[in-house]
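Remarks on the structure that follows.
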Amino acid sequence: MKLYLIRHGQTDWNLHKRVQGATNVPLNATGLAQAADLRRQTADLEFEACYASPLLRAAQTAMIVVDGRTEIIYDSRLKERSHGKFEGQYLPKWDLIKPDIFDREINTNVQGIEPIRSLDARTGEFLQEIYYKYSETAKIMIVAHAGSLKSMLSSIMDYNSPEFRDFRFEQGQVYELDF
């Protein structure tokens, strides 16, 4: 099975380095252009399904990219991790606690942040479901968020490897993965 992982396009909160998490923020003009570019990049690909987070920025990206080629299935398990009281804050404040919130051993929920293992559980459940639902030759598009996409990778890869820790999902990019 091939997965085509897409992070949503840019929002004003991305641009101004504000923590979004589960806050519903729309795409800005750059994000809309990134989604249109992704539509062109994927125009020749046929997908058995497209799954997307129901949060507005991912839903908008999916609608533009898919452009009616297939139905979009919205799945709340693909939502970004809630960042509790840090949502809307600027990244310098976020950086004060950042190392701990991604530590799977600590698994913190400080200030209302969704524990990392909770995110891993819901994205892992999603992956398991599509693995058994579709054939080995299926092509599945997933439009979501940096955190939820990286969490899915942790189900597939060793999240302690340097390659995983340093990997970032960039906006406006499609990542092809054999699953």
So how far is it from [X] [atom1] to [Y] [atom2], rounded to the nearest 0.5 Å?
X: L127; Y: S155; atom1: CG; atom2: OG; value: 5.5 Å
X: Y51; Y: L78; atom1: OH; atom2: CG; value: 9.5 Å
X: L55; Y: Y74; atom1: CG; atom2: OH; value: 11.5 Å
X: E136; Y: D178; atom1: CD; atom2: CG; value: 11.5 Å
X: S118; Y: N109; atom1: OG; atom2: CG; value: 10.0 Å
X: K2; Y: L45; atom1: NZ; atom2: CG; value: 10.5 Å

- Query: Would the number of heavy atoms belonging to other residues, nucleotides or ligands and lying under 6.0 Å from CD of E170 be above 12?
  - Reply: yes

Check the hydrophobic clustering (I, L, V, M, F, W, Y; side-chain heavy atoms under 4.5 Å; chains of links allowed) and say if [X] and [Y] are grouped together.
X: W13; Y: L15; result: no
X: I156; Y: F126; result: yes
X: M63; Y: I142; result: no
X: V143; Y: M152; result: no
X: L38; Y: I72; result: yes

- Item | Evaluation steps, side-chain contact (heavy atoms from CB on, under 4.5 Å), between K79 and S148 | CA-CA 7 Å; K79 283 183 178 181; S148 55; over 6 Å; no

- Item | Partners meeting ring pair (Phe, Tyr, Trp, His ring centres under 6.0 Å) with F169 (sequence neighbours left out) | F167, Y175

- From the options R57, Q20, R18, select the one residue that forms a side chain to side chain donor-acceptor pair (under 3.5 Å) with T11. Q20

- Message: Check this for me, if you would: do R117 and D120 make a salt bridge, where the nitrogen-to-carboxylate-oxygen distance has to be below 4.0 angstrom?
- Response: no

- Item | Carboxylate-amine/guanidinium proximity below 4.0 Å for R77 and E129 | yes

- 4.5 Å side-chain heavy-atom contact, E80 and S53: no

- Side-chain touch I130/L3, heavy atoms, less than 4.5 angstrom: yes

Can you name the closest pair of heavy atoms from [X] and [Y] and give their distance?
X: I73; Y: A49; value: CD1-CB, 4.4 Å
X: G112; Y: S82; value: O-OG, 4.1 Å
X: P54; Y: A59; value: O-CB, 4.2 Å

- Task: Measure from the side-chain N and O atoms of Q171 to the backbone N and O of G31, and report whether any donor-acceptor pair falls under 3.5 Å.
- Result: no

- Query: Distance-only, no hydrogens or angles: does the Q34 side chain make a donor-acceptor pair with backbone N or O of Q10 under 3.5 Å?
  - Reply: yes

- Query: When L56 is tested against each of T61, L27, N24, V25 for side chain to side chain contact (heavy atoms under 4.5 Å, CB included), which residue passes?
  - Reply: N24

- Are side-chain N/O atoms of R69 and T42 paired as donor and acceptor at under 3.5 Å? yes

- Message: N14 vs H8, test: side-chain contact (heavy atoms from CB on, under 4.5 Å). Steps then yes/no.
- Response: CA-CA 11 Å; N14 293 132; H8 63 79; 3.6 Å; yes

- Message: Checking E48 now: which residues fulfil side chain to side chain contact (heavy atoms under 4.5 Å, CB included) with it, not counting sequence neighbours?
- Response: Y134, A138, K139, I140

- Message: Let's go through Q173 and R7 carefully: what are the C-alpha distance in whole Å and the side-chain angles of both, what is the deciding distance for side-chain contact (heavy atoms from CB on, under 4.5 Å) to 0.1 Å, and is it a yes or a no?
- Response: CA-CA 7 Å; Q173 302 291 316; R7 180 180 175 201; over 6 Å; no

